[in-house]
Amino acid sequence: MPKLDDIVAEPAVALALDTIKIGKQALVFANTKRSAEKTAEEISKKISGIELKELSENVMHVLSKPTKQCERLAKCVKKGIAFHHAGLTHKQRELIEDNFRNGSIKIICCTPTLAFGLDLPAYRVVLKDMKRYGQRGYAWIPVLEAHQMFGRAGRPNYDQEGQAICMAATDSEKENIWERYILGKPEEIYSKLAVEPVLRTYLLSLIAADFVNTKKQIIDFFKKTFWAFQFGDIETLNAIIERMLELLEEWELIMSGEKDDFKDASKLNDESYRATRIGKRVAELYIDPLTAYFILTCLRNASSRKVNAFSFLQLISHTLEMRPLLRVRAKEHDKIQEALLKEDSFLLEEEPSMYEPEYEDFLNSIKTALTFNDWINEKDEDFLLEEYNIRPGELNVKLDLADWLLYAAEELTRMLQFQSLIKEILRLRLRLKYGVKEELLPLVRLENIGRARARKLYFNGIKDIADVKKADMMKLAQIIGRAIALNVKEQVGEEIKEIKPGKRKGQINLSDF
DNA sequence: GGACGGTGAAACTTCAGGTTGCCTC
DNA sequence: GAAGTTTCACCGTCC
(Lines give C-alpha, C1' and ligand atoms only; values in the text may rest on other atoms or scores of the structure.)
Protein backbone atom coordinates (compact mmCIF):
# COMPACT_ATOMS: atom_id res chain seq x y z
CA MET A 1 0.00 0.00 0.00
CA PRO A 2 1.17 3.52 -0.69
CA LYS A 3 3.33 5.27 1.83
CA LEU A 4 2.35 8.78 2.81
CA ASP A 5 5.34 10.40 1.17
CA ASP A 6 4.29 8.95 -2.18
CA ILE A 7 1.16 10.99 -2.05
CA VAL A 8 2.24 14.42 -3.10
CA ALA A 9 2.43 14.91 -6.85
CA GLU A 10 -1.13 14.41 -8.05
CA PRO A 11 -4.09 14.66 -5.67
CA ALA A 12 -6.36 12.64 -7.94
CA VAL A 13 -3.83 9.81 -7.83
CA ALA A 14 -3.69 10.05 -4.05
CA LEU A 15 -7.47 9.89 -3.82
CA ALA A 16 -7.56 6.84 -6.04
CA LEU A 17 -4.96 5.07 -3.91
CA ASP A 18 -6.85 5.97 -0.78
CA THR A 19 -10.03 4.50 -2.26
CA ILE A 20 -8.30 1.19 -2.82
CA LYS A 21 -6.89 1.34 0.69
CA ILE A 22 -10.38 1.50 2.21
CA GLY A 23 -11.51 -1.36 -0.01
CA LYS A 24 -13.72 0.69 -2.33
CA GLN A 25 -13.85 1.65 -6.01
CA ALA A 26 -13.62 5.02 -7.73
CA LEU A 27 -14.26 6.71 -11.03
CA VAL A 28 -11.85 9.50 -11.93
CA PHE A 29 -13.17 11.90 -14.58
CA ALA A 30 -10.57 13.70 -16.70
CA ASN A 31 -11.03 16.31 -19.40
CA THR A 32 -9.14 14.63 -22.23
CA LYS A 33 -8.50 11.08 -23.35
CA ARG A 34 -4.80 11.59 -22.92
CA SER A 35 -5.25 12.83 -19.39
CA ALA A 36 -7.46 9.84 -18.52
CA GLU A 37 -4.80 7.50 -19.84
CA LYS A 38 -1.99 9.24 -18.07
CA THR A 39 -3.80 9.35 -14.74
CA ALA A 40 -4.54 5.63 -14.99
CA GLU A 41 -0.87 4.96 -15.67
CA GLU A 42 0.27 7.08 -12.74
CA ILE A 43 -2.04 5.25 -10.39
CA SER A 44 -1.12 1.81 -11.69
CA LYS A 45 2.57 2.55 -11.18
CA LYS A 46 1.97 2.85 -7.46
CA ILE A 47 0.01 -0.37 -7.12
CA SER A 48 1.54 -3.56 -5.84
CA GLY A 49 -0.07 -6.86 -4.95
CA ILE A 50 -2.68 -6.87 -7.73
CA GLU A 51 -2.05 -9.02 -10.79
CA LEU A 52 -4.92 -9.49 -13.24
CA LYS A 53 -2.93 -11.39 -15.82
CA GLU A 54 -5.73 -13.03 -17.78
CA LEU A 55 -7.85 -9.92 -18.06
CA SER A 56 -4.81 -7.94 -19.13
CA GLU A 57 -4.11 -10.47 -21.89
CA ASN A 58 -7.72 -10.29 -23.04
CA VAL A 59 -7.63 -6.52 -23.20
CA MET A 60 -4.36 -6.64 -25.13
CA HIS A 61 -5.52 -8.96 -27.88
CA VAL A 62 -8.85 -7.65 -29.09
CA LEU A 63 -7.29 -6.69 -32.44
CA SER A 64 -5.16 -8.78 -34.76
CA LYS A 65 -2.29 -6.45 -33.96
CA PRO A 66 -2.34 -4.56 -30.65
CA THR A 67 -2.03 -0.78 -30.85
CA LYS A 68 -0.03 1.34 -28.42
CA GLN A 69 -3.34 2.10 -26.75
CA CYS A 70 -3.97 -1.62 -26.22
CA GLU A 71 -0.54 -2.02 -24.66
CA ARG A 72 -1.03 0.88 -22.28
CA LEU A 73 -4.47 -0.32 -21.28
CA ALA A 74 -3.30 -3.90 -20.75
CA LYS A 75 -0.47 -2.68 -18.55
CA CYS A 76 -2.83 -0.66 -16.36
CA VAL A 77 -5.51 -3.34 -16.21
CA LYS A 78 -2.95 -5.81 -14.93
CA LYS A 79 -2.84 -3.65 -11.78
CA GLY A 80 -6.60 -3.34 -11.49
CA ILE A 81 -6.67 0.16 -12.98
CA ALA A 82 -8.27 1.10 -16.30
CA PHE A 83 -8.90 4.04 -18.55
CA HIS A 84 -12.13 4.29 -20.50
CA HIS A 85 -13.08 6.56 -23.39
CA ALA A 86 -14.56 6.49 -26.90
CA GLY A 87 -11.24 5.42 -28.39
CA LEU A 88 -11.39 1.92 -26.92
CA THR A 89 -12.84 -0.95 -28.89
CA HIS A 90 -16.27 -2.19 -27.99
CA LYS A 91 -14.83 -5.37 -26.52
CA GLN A 92 -12.36 -3.50 -24.34
CA ARG A 93 -15.07 -1.25 -22.97
CA GLU A 94 -17.20 -4.25 -22.16
CA LEU A 95 -14.34 -6.04 -20.41
CA ILE A 96 -13.59 -3.01 -18.28
CA GLU A 97 -17.19 -2.33 -17.36
CA ASP A 98 -17.87 -5.95 -16.42
CA ASN A 99 -14.73 -6.25 -14.37
CA PHE A 100 -15.45 -3.02 -12.56
CA ARG A 101 -18.89 -4.32 -11.66
CA ASN A 102 -17.49 -7.58 -10.35
CA GLY A 103 -14.86 -5.71 -8.35
CA SER A 104 -11.71 -6.85 -10.15
CA ILE A 105 -10.97 -3.39 -11.47
CA LYS A 106 -10.71 -0.85 -8.69
CA ILE A 107 -10.31 2.46 -10.48
CA ILE A 108 -11.46 3.70 -13.87
CA CYS A 109 -10.04 6.95 -15.22
CA CYS A 110 -12.41 8.17 -17.88
CA THR A 111 -13.77 10.96 -20.04
CA PRO A 112 -17.46 11.90 -19.71
CA THR A 113 -18.49 8.76 -21.68
CA LEU A 114 -18.96 6.91 -18.46
CA ALA A 115 -21.27 9.50 -16.93
CA PHE A 116 -23.91 9.17 -19.63
CA GLY A 117 -26.16 6.24 -20.34
CA LEU A 118 -24.01 3.71 -18.59
CA ASP A 119 -24.95 2.23 -15.26
CA LEU A 120 -21.62 2.05 -13.53
CA PRO A 121 -21.74 3.46 -10.01
CA ALA A 122 -18.78 3.67 -7.63
CA TYR A 123 -18.30 4.56 -4.00
CA ARG A 124 -16.19 7.58 -4.89
CA VAL A 125 -16.24 9.86 -7.90
CA VAL A 126 -13.36 12.26 -8.52
CA LEU A 127 -13.71 15.17 -10.94
CA LYS A 128 -10.10 15.86 -11.75
CA ASP A 129 -10.74 18.84 -14.03
CA MET A 130 -13.69 21.20 -13.84
CA LYS A 131 -12.73 22.95 -17.06
CA ARG A 132 -12.39 21.65 -20.56
CA TYR A 133 -11.49 22.91 -23.99
CA GLY A 134 -14.57 23.27 -26.18
CA GLN A 135 -16.21 25.67 -28.64
CA ARG A 136 -15.86 28.53 -26.23
CA GLY A 137 -12.21 27.88 -25.46
CA TYR A 138 -11.16 26.56 -22.11
CA ALA A 139 -14.33 26.76 -20.06
CA TRP A 140 -16.17 25.34 -17.04
CA ILE A 141 -17.95 22.11 -17.81
CA PRO A 142 -21.75 22.39 -17.79
CA VAL A 143 -23.47 22.02 -14.42
CA LEU A 144 -25.72 19.34 -15.89
CA GLU A 145 -22.69 17.34 -16.84
CA ALA A 146 -21.02 17.69 -13.46
CA HIS A 147 -24.23 16.57 -11.76
CA GLN A 148 -24.37 13.61 -14.09
CA MET A 149 -20.91 12.64 -12.83
CA PHE A 150 -21.78 13.29 -9.17
CA GLY A 151 -24.71 10.95 -9.73
CA ARG A 152 -22.36 8.02 -10.27
CA ALA A 153 -21.28 8.19 -6.63
CA GLY A 154 -22.68 5.60 -4.23
CA ARG A 155 -23.83 2.16 -5.19
CA PRO A 156 -27.44 1.42 -4.31
CA ASN A 157 -27.72 -1.76 -2.19
CA TYR A 158 -23.98 -1.74 -1.38
CA ASP A 159 -22.96 1.63 0.02
CA GLN A 160 -24.59 3.70 2.73
CA GLU A 161 -23.10 6.81 1.17
CA GLY A 162 -21.23 8.01 -1.87
CA GLN A 163 -18.58 10.64 -2.35
CA ALA A 164 -18.21 13.08 -5.22
CA ILE A 165 -15.01 15.08 -5.02
CA CYS A 166 -14.11 18.08 -7.21
CA MET A 167 -10.46 19.04 -7.46
CA ALA A 168 -9.58 22.70 -6.97
CA ALA A 169 -6.09 24.16 -7.33
CA THR A 170 -6.70 27.33 -5.33
CA ASP A 171 -9.07 28.68 -2.67
CA SER A 172 -10.79 30.96 -5.13
CA GLU A 173 -11.32 28.06 -7.48
CA LYS A 174 -12.83 26.14 -4.58
CA GLU A 175 -15.29 28.98 -3.96
CA ASN A 176 -16.11 29.09 -7.63
CA ILE A 177 -16.82 25.38 -7.79
CA TRP A 178 -19.05 25.57 -4.73
CA GLU A 179 -21.04 28.48 -6.15
CA ARG A 180 -21.33 27.02 -9.60
CA TYR A 181 -21.91 23.34 -9.07
CA ILE A 182 -23.42 23.04 -5.60
CA LEU A 183 -25.41 26.25 -5.16
CA GLY A 184 -25.86 27.08 -8.83
CA LYS A 185 -28.70 26.00 -11.11
CA PRO A 186 -28.25 23.64 -14.04
CA GLU A 187 -28.36 25.12 -17.53
CA GLU A 188 -31.58 25.61 -19.45
CA ILE A 189 -32.50 22.84 -21.81
CA TYR A 190 -32.86 23.91 -25.44
CA SER A 191 -34.97 22.34 -28.15
CA LYS A 192 -32.97 20.44 -30.74
CA LEU A 193 -35.28 21.86 -33.43
CA ALA A 194 -33.41 25.13 -33.06
CA VAL A 195 -30.59 23.43 -34.95
CA GLU A 196 -31.20 23.89 -38.67
CA PRO A 197 -30.23 20.43 -39.92
CA VAL A 198 -32.60 18.87 -37.40
CA LEU A 199 -35.44 21.22 -38.30
CA ARG A 200 -35.17 20.62 -42.04
CA THR A 201 -34.90 16.85 -41.50
CA TYR A 202 -38.14 16.80 -39.52
CA LEU A 203 -39.88 19.23 -41.81
CA LEU A 204 -39.18 16.93 -44.76
CA SER A 205 -40.26 13.84 -42.77
CA LEU A 206 -43.55 15.44 -41.78
CA ILE A 207 -44.32 16.37 -45.36
CA ALA A 208 -43.13 13.05 -46.78
CA ALA A 209 -45.34 11.15 -44.35
CA ASP A 210 -48.27 13.38 -45.37
CA PHE A 211 -48.66 14.29 -41.73
CA VAL A 212 -48.81 17.96 -42.71
CA ASN A 213 -49.25 19.37 -46.20
CA THR A 214 -50.48 22.91 -46.19
CA LYS A 215 -48.43 25.78 -44.92
CA LYS A 216 -51.02 26.39 -42.24
CA GLN A 217 -50.76 22.81 -41.02
CA ILE A 218 -47.00 23.06 -40.96
CA ILE A 219 -46.98 26.27 -38.99
CA ASP A 220 -49.65 24.97 -36.62
CA PHE A 221 -47.64 21.85 -35.99
CA PHE A 222 -44.45 23.69 -35.13
CA LYS A 223 -46.36 26.22 -33.02
CA LYS A 224 -47.15 23.39 -30.65
CA THR A 225 -43.55 22.27 -30.22
CA PHE A 226 -41.23 23.01 -27.32
CA TRP A 227 -39.08 24.90 -29.81
CA ALA A 228 -41.83 27.44 -30.52
CA PHE A 229 -42.68 27.68 -26.84
CA GLN A 230 -39.08 28.49 -26.07
CA PHE A 231 -38.52 30.65 -29.12
CA GLY A 232 -41.56 32.82 -28.43
CA ASP A 233 -41.37 34.97 -31.56
CA ILE A 234 -43.87 33.32 -33.94
CA GLU A 235 -43.18 35.79 -36.74
CA THR A 236 -39.52 34.89 -36.97
CA LEU A 237 -40.39 31.25 -36.59
CA ASN A 238 -42.69 31.48 -39.60
CA ALA A 239 -39.94 33.12 -41.58
CA ILE A 240 -37.49 30.33 -40.68
CA ILE A 241 -39.94 27.64 -41.76
CA GLU A 242 -40.76 29.56 -44.93
CA ARG A 243 -37.10 29.77 -45.85
CA MET A 244 -36.65 26.10 -45.13
CA LEU A 245 -39.57 25.17 -47.37
CA GLU A 246 -38.03 27.21 -50.15
CA LEU A 247 -34.75 25.38 -49.76
CA LEU A 248 -36.39 21.95 -49.76
CA GLU A 249 -38.22 22.93 -52.92
CA GLU A 250 -35.08 24.26 -54.54
CA TRP A 251 -33.37 20.95 -53.75
CA GLU A 252 -36.29 19.16 -55.43
CA LEU A 253 -37.17 17.19 -52.33
CA ILE A 254 -40.64 18.73 -52.07
CA MET A 255 -42.89 20.55 -54.52
CA SER A 256 -45.60 23.08 -54.04
CA GLY A 257 -48.53 24.42 -55.98
CA GLU A 258 -50.07 22.70 -58.92
CA LYS A 259 -47.82 20.25 -60.62
CA ASP A 260 -48.75 18.27 -63.72
CA ASP A 261 -46.78 15.27 -62.70
CA PHE A 262 -48.51 14.99 -59.38
CA LYS A 263 -51.29 12.42 -59.24
CA ASP A 264 -53.64 14.16 -56.92
CA ALA A 265 -53.03 17.66 -58.19
CA SER A 266 -56.45 18.83 -57.11
CA LYS A 267 -55.36 18.78 -53.49
CA LEU A 268 -52.18 20.61 -54.26
CA ASN A 269 -52.77 24.35 -54.16
CA ASP A 270 -50.24 27.15 -53.95
CA GLU A 271 -49.92 26.77 -50.24
CA SER A 272 -49.55 23.03 -50.04
CA TYR A 273 -46.55 20.74 -50.29
CA ARG A 274 -45.80 17.16 -51.25
CA ALA A 275 -42.55 15.26 -51.12
CA THR A 276 -41.04 14.28 -54.45
CA ARG A 277 -40.11 10.65 -55.10
CA ILE A 278 -36.55 11.37 -54.06
CA GLY A 279 -37.71 13.49 -51.14
CA LYS A 280 -39.70 10.56 -49.78
CA ARG A 281 -36.68 8.29 -49.95
CA VAL A 282 -34.45 10.90 -48.34
CA ALA A 283 -36.90 11.16 -45.45
CA GLU A 284 -36.83 7.39 -45.04
CA LEU A 285 -33.07 7.29 -45.14
CA TYR A 286 -33.15 9.91 -42.40
CA ILE A 287 -30.23 11.89 -43.74
CA ASP A 288 -30.06 15.66 -43.58
CA PRO A 289 -31.75 17.11 -46.71
CA LEU A 290 -28.65 19.21 -47.34
CA THR A 291 -26.54 16.03 -47.31
CA ALA A 292 -29.00 14.47 -49.75
CA TYR A 293 -28.74 17.48 -52.04
CA PHE A 294 -24.95 17.38 -51.81
CA ILE A 295 -24.85 13.67 -52.62
CA LEU A 296 -27.26 14.09 -55.54
CA THR A 297 -25.18 16.93 -56.98
CA CYS A 298 -21.99 14.89 -56.68
CA LEU A 299 -23.61 11.83 -58.24
CA ARG A 300 -24.71 13.90 -61.21
CA ASN A 301 -21.16 15.17 -61.56
CA ALA A 302 -19.93 11.59 -61.37
CA SER A 303 -21.59 10.64 -64.61
CA SER A 304 -19.17 12.85 -66.51
CA ARG A 305 -16.02 12.29 -64.47
CA LYS A 306 -13.44 9.69 -63.60
CA VAL A 307 -14.54 7.85 -60.49
CA ASN A 308 -12.69 5.66 -58.00
CA ALA A 309 -13.14 4.56 -54.41
CA PHE A 310 -11.68 7.84 -53.16
CA SER A 311 -14.41 9.80 -55.00
CA PHE A 312 -17.09 8.29 -52.81
CA LEU A 313 -15.00 8.23 -49.65
CA GLN A 314 -14.45 11.96 -49.91
CA LEU A 315 -18.10 12.54 -50.79
CA ILE A 316 -19.37 10.91 -47.60
CA SER A 317 -16.55 12.47 -45.57
CA HIS A 318 -17.77 15.95 -46.43
CA THR A 319 -21.25 15.59 -44.94
CA LEU A 320 -22.65 16.96 -41.69
CA GLU A 321 -23.31 13.43 -40.50
CA MET A 322 -19.61 12.54 -40.58
CA ARG A 323 -18.66 15.38 -38.26
CA PRO A 324 -16.51 15.93 -36.36
CA LEU A 325 -13.97 15.18 -39.08
CA LEU A 326 -10.39 14.18 -38.43
CA ARG A 327 -8.48 17.40 -38.05
CA VAL A 328 -5.50 18.13 -40.23
CA ARG A 329 -2.67 18.97 -37.84
CA ALA A 330 -0.22 21.70 -38.63
CA LYS A 331 2.62 19.34 -39.42
CA GLU A 332 0.41 17.13 -41.59
CA HIS A 333 -0.76 19.99 -43.74
CA ASP A 334 1.75 19.49 -46.56
CA LYS A 335 1.32 15.74 -46.60
CA ILE A 336 -2.46 15.97 -46.94
CA GLN A 337 -2.13 18.62 -49.66
CA GLU A 338 0.20 16.31 -51.52
CA ALA A 339 -2.22 13.41 -51.25
CA LEU A 340 -5.01 15.68 -52.44
CA LEU A 341 -3.01 16.53 -55.54
CA LYS A 342 -2.91 12.86 -56.47
CA GLU A 343 -6.64 12.37 -56.07
CA ASP A 344 -8.20 15.68 -56.98
CA SER A 345 -9.15 14.62 -60.49
CA PHE A 346 -11.41 12.03 -58.88
CA LEU A 347 -13.28 14.47 -56.63
CA LEU A 348 -16.99 14.77 -57.25
CA GLU A 349 -17.43 18.22 -55.72
CA GLU A 350 -15.93 21.52 -56.71
CA GLU A 351 -12.78 22.14 -54.71
CA PRO A 352 -13.02 25.37 -52.71
CA SER A 353 -10.30 27.95 -53.11
CA MET A 354 -7.46 27.75 -50.66
CA TYR A 355 -8.32 31.20 -49.33
CA GLU A 356 -11.93 30.50 -48.49
CA PRO A 357 -12.85 29.74 -44.90
CA GLU A 358 -14.38 26.37 -45.82
CA TYR A 359 -11.06 25.16 -47.17
CA GLU A 360 -9.97 23.90 -43.77
CA ASP A 361 -13.08 21.77 -43.50
CA PHE A 362 -12.54 20.53 -47.03
CA LEU A 363 -8.99 19.50 -46.17
CA ASN A 364 -10.29 17.70 -43.09
CA SER A 365 -12.65 15.76 -45.34
CA ILE A 366 -9.65 14.75 -47.44
CA LYS A 367 -7.85 13.48 -44.36
CA THR A 368 -10.93 11.55 -43.26
CA ALA A 369 -11.26 10.04 -46.73
CA LEU A 370 -7.57 9.13 -46.74
CA THR A 371 -8.06 7.27 -43.47
CA PHE A 372 -10.91 5.25 -44.99
CA ASN A 373 -8.81 4.69 -48.07
CA ASP A 374 -5.93 3.26 -46.04
CA TRP A 375 -8.38 1.05 -44.16
CA ILE A 376 -9.70 -0.51 -47.38
CA ASN A 377 -6.11 -0.98 -48.47
CA GLU A 378 -5.61 -3.21 -45.44
CA LYS A 379 -3.70 -0.88 -43.15
CA ASP A 380 -4.31 -2.03 -39.57
CA GLU A 381 -5.59 -0.13 -36.54
CA ASP A 382 -2.09 0.33 -35.20
CA PHE A 383 -0.97 2.06 -38.39
CA LEU A 384 -4.06 4.29 -38.52
CA LEU A 385 -3.52 5.35 -34.91
CA GLU A 386 0.08 6.36 -35.61
CA GLU A 387 -0.62 7.92 -38.99
CA TYR A 388 -3.92 9.74 -38.43
CA ASN A 389 -4.23 9.75 -34.66
CA ILE A 390 -7.54 7.90 -34.85
CA ARG A 391 -8.14 5.34 -32.13
CA PRO A 392 -9.79 1.98 -32.85
CA GLY A 393 -13.09 2.92 -31.19
CA GLU A 394 -13.30 6.17 -33.09
CA LEU A 395 -12.50 4.37 -36.33
CA ASN A 396 -15.38 1.97 -35.77
CA VAL A 397 -17.86 4.77 -35.24
CA LYS A 398 -16.68 6.44 -38.46
CA LEU A 399 -16.82 3.20 -40.43
CA ASP A 400 -20.36 2.66 -39.26
CA LEU A 401 -21.36 6.16 -40.35
CA ALA A 402 -19.59 5.65 -43.66
CA ASP A 403 -21.60 2.52 -44.34
CA TRP A 404 -24.86 4.25 -43.61
CA LEU A 405 -24.04 7.22 -45.83
CA LEU A 406 -22.85 4.97 -48.64
CA TYR A 407 -26.07 3.04 -48.38
CA ALA A 408 -27.94 6.32 -48.73
CA ALA A 409 -25.77 7.25 -51.71
CA GLU A 410 -26.45 3.85 -53.24
CA GLU A 411 -30.19 4.35 -52.89
CA LEU A 412 -30.05 7.80 -54.44
CA THR A 413 -27.95 6.39 -57.26
CA ARG A 414 -30.68 3.85 -57.91
CA MET A 415 -33.25 6.61 -58.09
CA LEU A 416 -31.12 8.49 -60.60
CA GLN A 417 -30.65 5.19 -62.45
CA PHE A 418 -26.89 5.50 -62.70
CA GLN A 419 -26.37 1.76 -62.97
CA SER A 420 -22.61 1.77 -63.34
CA LEU A 421 -22.13 3.73 -60.13
CA ILE A 422 -24.24 1.35 -58.07
CA LYS A 423 -21.75 -1.47 -58.54
CA GLU A 424 -18.89 0.80 -57.54
CA ILE A 425 -20.65 1.82 -54.32
CA LEU A 426 -21.67 -1.72 -53.45
CA ARG A 427 -18.11 -2.92 -53.83
CA LEU A 428 -16.86 -0.04 -51.71
CA ARG A 429 -19.31 -0.80 -48.93
CA LEU A 430 -18.08 -4.36 -48.75
CA ARG A 431 -14.47 -3.28 -48.77
CA LEU A 432 -15.15 -0.79 -46.00
CA LYS A 433 -16.97 -3.37 -43.93
CA TYR A 434 -14.07 -5.81 -44.01
CA GLY A 435 -11.19 -3.41 -44.55
CA VAL A 436 -9.86 -5.25 -47.57
CA LYS A 437 -8.59 -4.70 -51.09
CA GLU A 438 -10.89 -5.73 -53.87
CA GLU A 439 -9.07 -9.00 -54.52
CA LEU A 440 -10.12 -10.38 -51.11
CA LEU A 441 -13.85 -9.77 -51.54
CA PRO A 442 -14.68 -13.33 -52.67
CA LEU A 443 -12.99 -14.75 -49.56
CA VAL A 444 -14.44 -12.49 -46.88
CA ARG A 445 -17.92 -13.57 -47.92
CA LEU A 446 -17.21 -16.75 -45.96
CA GLU A 447 -18.13 -16.78 -42.30
CA ASN A 448 -15.20 -16.62 -39.92
CA ILE A 449 -12.98 -15.22 -42.65
CA GLY A 450 -12.10 -11.60 -42.03
CA ARG A 451 -9.35 -9.43 -43.44
CA ALA A 452 -6.50 -11.27 -41.71
CA ARG A 453 -7.41 -14.84 -42.66
CA ALA A 454 -8.49 -13.83 -46.15
CA ARG A 455 -5.09 -12.24 -46.73
CA LYS A 456 -3.33 -15.38 -45.46
CA LEU A 457 -5.35 -17.56 -47.80
CA TYR A 458 -4.73 -15.25 -50.74
CA PHE A 459 -1.02 -15.19 -49.99
CA ASN A 460 -1.05 -18.98 -50.17
CA GLY A 461 -2.69 -19.01 -53.58
CA ILE A 462 -6.25 -19.58 -52.41
CA LYS A 463 -8.00 -16.66 -54.03
CA ASP A 464 -11.70 -17.48 -54.29
CA ILE A 465 -14.39 -19.96 -53.37
CA ALA A 466 -13.34 -22.36 -56.14
CA ASP A 467 -9.80 -22.39 -54.74
CA VAL A 468 -11.17 -23.09 -51.27
CA LYS A 469 -13.08 -26.04 -52.66
CA LYS A 470 -10.02 -27.37 -54.42
CA ALA A 471 -7.65 -26.75 -51.56
CA ASP A 472 -6.19 -29.65 -49.67
CA MET A 473 -7.60 -29.88 -46.16
CA MET A 474 -4.16 -30.23 -44.61
CA LYS A 475 -2.91 -27.12 -46.31
CA LEU A 476 -6.02 -25.18 -45.40
CA ALA A 477 -5.72 -26.22 -41.76
CA GLN A 478 -2.11 -25.08 -41.74
CA ILE A 479 -3.10 -21.63 -42.92
CA ILE A 480 -6.18 -20.86 -40.85
CA GLY A 481 -6.29 -23.59 -38.22
CA ARG A 482 -8.15 -26.87 -38.23
CA ALA A 483 -11.48 -25.76 -36.78
CA ILE A 484 -11.90 -22.80 -39.14
CA ALA A 485 -10.70 -24.89 -42.09
CA LEU A 486 -13.38 -27.51 -41.38
CA ASN A 487 -16.01 -24.84 -41.04
CA VAL A 488 -15.01 -23.14 -44.26
CA LYS A 489 -15.04 -26.39 -46.17
CA GLU A 490 -18.55 -27.00 -44.90
CA GLN A 491 -19.61 -23.56 -46.05
CA VAL A 492 -18.48 -24.20 -49.62
CA GLY A 493 -20.34 -27.50 -49.58
CA GLU A 494 -17.21 -29.61 -49.72
CA GLU A 495 -16.99 -33.12 -48.33
CA ILE A 496 -14.57 -33.35 -45.47
CA LYS A 497 -12.28 -36.25 -46.10
CA GLU A 498 -10.00 -36.06 -43.13
CA ILE A 499 -11.84 -36.49 -39.93
CA LYS A 500 -10.55 -36.86 -36.45
CA PRO A 501 -10.92 -40.43 -35.23
CA GLY A 502 -14.22 -40.98 -33.55
CA LYS A 503 -15.92 -38.13 -35.31
CA ARG A 504 -18.07 -38.65 -38.37
CA LYS A 505 -18.50 -36.29 -41.27
CA GLY A 506 -20.64 -33.35 -40.39
CA GLN A 507 -20.20 -33.86 -36.67
CA ILE A 508 -18.52 -30.71 -35.66
CA ASN A 509 -18.31 -29.92 -32.00
CA LEU A 510 -19.11 -26.45 -30.79
CA SER A 511 -15.65 -26.38 -29.27
CA ASP A 512 -14.21 -26.48 -32.76
CA PHE A 513 -15.27 -22.90 -33.26
C1' DG B 1 37.92 24.43 -36.51
C1' DG B 2 34.09 21.67 -37.39
C1' DA B 3 30.99 17.91 -36.29
C1' DC B 4 28.36 16.09 -32.86
C1' DG B 5 25.65 15.40 -28.67
C1' DG B 6 23.37 16.86 -24.55
C1' DT B 7 20.54 20.22 -22.18
C1' DG B 8 17.03 23.28 -21.08
C1' DA B 9 14.18 27.06 -22.27
C1' DA B 10 10.94 28.79 -25.45
C1' DA B 11 7.56 28.17 -28.93
C1' DC B 12 4.10 25.56 -30.69
C1' DT B 13 0.24 22.25 -30.77
C1' DT B 14 -3.64 19.97 -29.14
C1' DC B 15 -7.65 19.16 -26.42
C1' DA B 16 -15.29 14.95 -24.88
C1' DG B 17 -18.88 12.31 -26.76
C1' DG B 18 -22.74 10.38 -29.29
C1' DT B 19 -28.03 9.81 -30.96
C1' DT B 20 -30.51 7.56 -34.59
C1' DG B 21 -30.47 6.74 -39.37
C1' DC B 22 -30.64 2.06 -43.45
C1' DC B 23 -30.64 -2.99 -44.93
C1' DT B 24 -28.61 -7.73 -44.88
C1' DC B 25 -25.72 -6.65 -50.48
C1' DG C 1 -5.40 26.75 -19.46
C1' DA C 2 -2.29 22.87 -19.27
C1' DA C 3 0.33 19.13 -20.79
C1' DG C 4 2.96 17.23 -24.19
C1' DT C 5 5.99 17.90 -28.26
C1' DT C 6 9.13 20.21 -31.18
C1' DT C 7 12.54 23.60 -32.08
C1' DC C 8 16.48 26.05 -31.21
C1' DA C 9 20.28 28.25 -29.01
C1' DC C 10 24.00 27.26 -26.28
C1' DC C 11 27.79 24.80 -24.46
C1' DG C 12 31.24 21.17 -23.99
C1' DT C 13 33.66 17.38 -26.02
C1' DC C 14 36.06 14.87 -29.37
C1' DC C 15 38.64 14.12 -33.53
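A, B, ... follow the sequence lines: proteins, then strands. Residue 1 opens every chain. Worth saying up front: this structure is predicted, and the values here are computed from it rather than measured. Every heavy atom of this structure was used, including side-chain atoms; hydrogens, water molecules and symmetry mates were not.
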List every contact pair, protein side and nucleotides 17-19 of chain B side both N or O, where the distance is under 3.5 Å.
{"residue": "B:dG17", "atom": "OP1", "partner": "A:Ala86", "partner atom": "N", "Å": "3.1"}
{"residue": "B:dG17", "atom": "OP1", "partner": "A:Thr111", "partner atom": "OG1", "Å": "2.8"}
{"residue": "B:dG17", "atom": "OP2", "partner": "A:Lys33", "partner atom": "NZ", "Å": "2.9"}
{"residue": "B:dG18", "atom": "OP1", "partner": "A:Arg93", "partner atom": "NH1", "Å": "3.3"}

Please write out each protein N/O paired with an N/O of nucleotides 12-14 of chain B under 3.5 Å, distance rounded to 0.1 Å.
{"residue": "B:dT14", "atom": "OP1", "partner": "A:Ala330", "partner atom": "N", "Å": "3.4"}

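Taking atom P on both nucleotides, C:dT5 is separated from B:dA16 by 14 Å, rounded to a whole Å.
With values rounded to the nearest 0.5 angstrom, A:Arg155 atom CZ is found 12.0 Å from A:Arg101 atom CZ. Atom CG of A:Leu127 and atom OH of A:Tyr181 lie 8.5 Å apart (nearest 0.5 Å).
The 5' end of DNA chain B is approached more closely, in terms of each residue's nearest nucleotide, by A:Tyr286 than by the other of A:Arg414 and A:Tyr286. Nearest-nucleotide positions on DNA chain C for A:Lys38 and A:Lys131 put A:Lys131 closer to the 5' end.
Using a 4.0 Å heavy-atom distance criterion, A:Arg281 is classed as a sugar-phosphate-only contact. Here A:Leu426 lies in heavy-atom contact (under 4.0 Å) with a base. Across all strands, A:Asn31 comes closer than 4.0 Å only to sugar-phosphate atoms, never to a base (heavy-atom distances). Counting any heavy atom pair closer than 4.0 Å across all strands shown, A:Glu145 reaches a base atom.
In the displayed structure, A:His147 atom NE2 is contacted under 6.0 Å by more than 12 heavy atoms of other residues, nucleotides or ligands.
Exactly one residue among A:Lys128, A:Arg132, A:Met130 makes a side-chain contact (heavy atoms from CB on, under 4.5 Å) with A:Asn31. That residue is A:Arg132.
Among the nucleotides B:dC25, B:dC22, B:dA16, the one closest to the side chain of A:Arg132 is B:dA16.
Residues forming a salt bridge (Lys or Arg N to Asp or Glu O under 4.0 Å) with A:Glu332 (at least two apart in sequence, or on another chain): A:Lys367.
Pairs engaging residues 390-399 of chain A under the salt bridge (Lys or Arg N to Asp or Glu O under 4.0 Å) rule: A:Lys33-A:Glu394, A:Glu37-A:Arg391 [sequence neighbours left out]. Sorted by first then second residue, the side-chain hydrogen bond (donor to acceptor under 3.5 Å, both in side chains) pairs that include residues 188-211 of chain A, not counting sequence neighbours, are A:Glu196-A:Arg243, A:Arg200-A:Asp288, A:Tyr202-A:Tyr286, A:Asp210-A:Asn213.
Taking a heavy-atom distance under 4.0 Å as the criterion, the stretch of DNA chain C touched by chain A extends 5' to 3' from C:dG1 to C:dT6.
With A:Thr89 contributing its side chain and A:Pro392 its backbone, the two residues share no donor-acceptor pair below 3.5 Å.
Across every strand in view, B:dA16 sits unpaired, with no contact that passes the Watson-Crick or G-U test at under 3.5 angstrom.
In this entry the distance linking CZ of A:Arg445 with P of B:dC25 reads 9 Å, nearest Å. When the P atom of B:dC23 is taken as reference, atom CD of A:Glu284 falls 7 Å away, rounded to whole Å.
Using a 4.0 Å cut-off between charged side-chain N and carboxylate O, A:Glu338 and A:Lys335 make no salt bridge. A:Arg323 and A:Asp361 are joined by a salt bridge, as a carboxylate oxygen and a charged side-chain nitrogen come within less than 4.0 angstrom of each other.
In this structure, A:Tyr133 forms an aromatic stack with the base of B:dC15, since both conditions hold: centre separation below 5.5 Å and plane angle below 30°.
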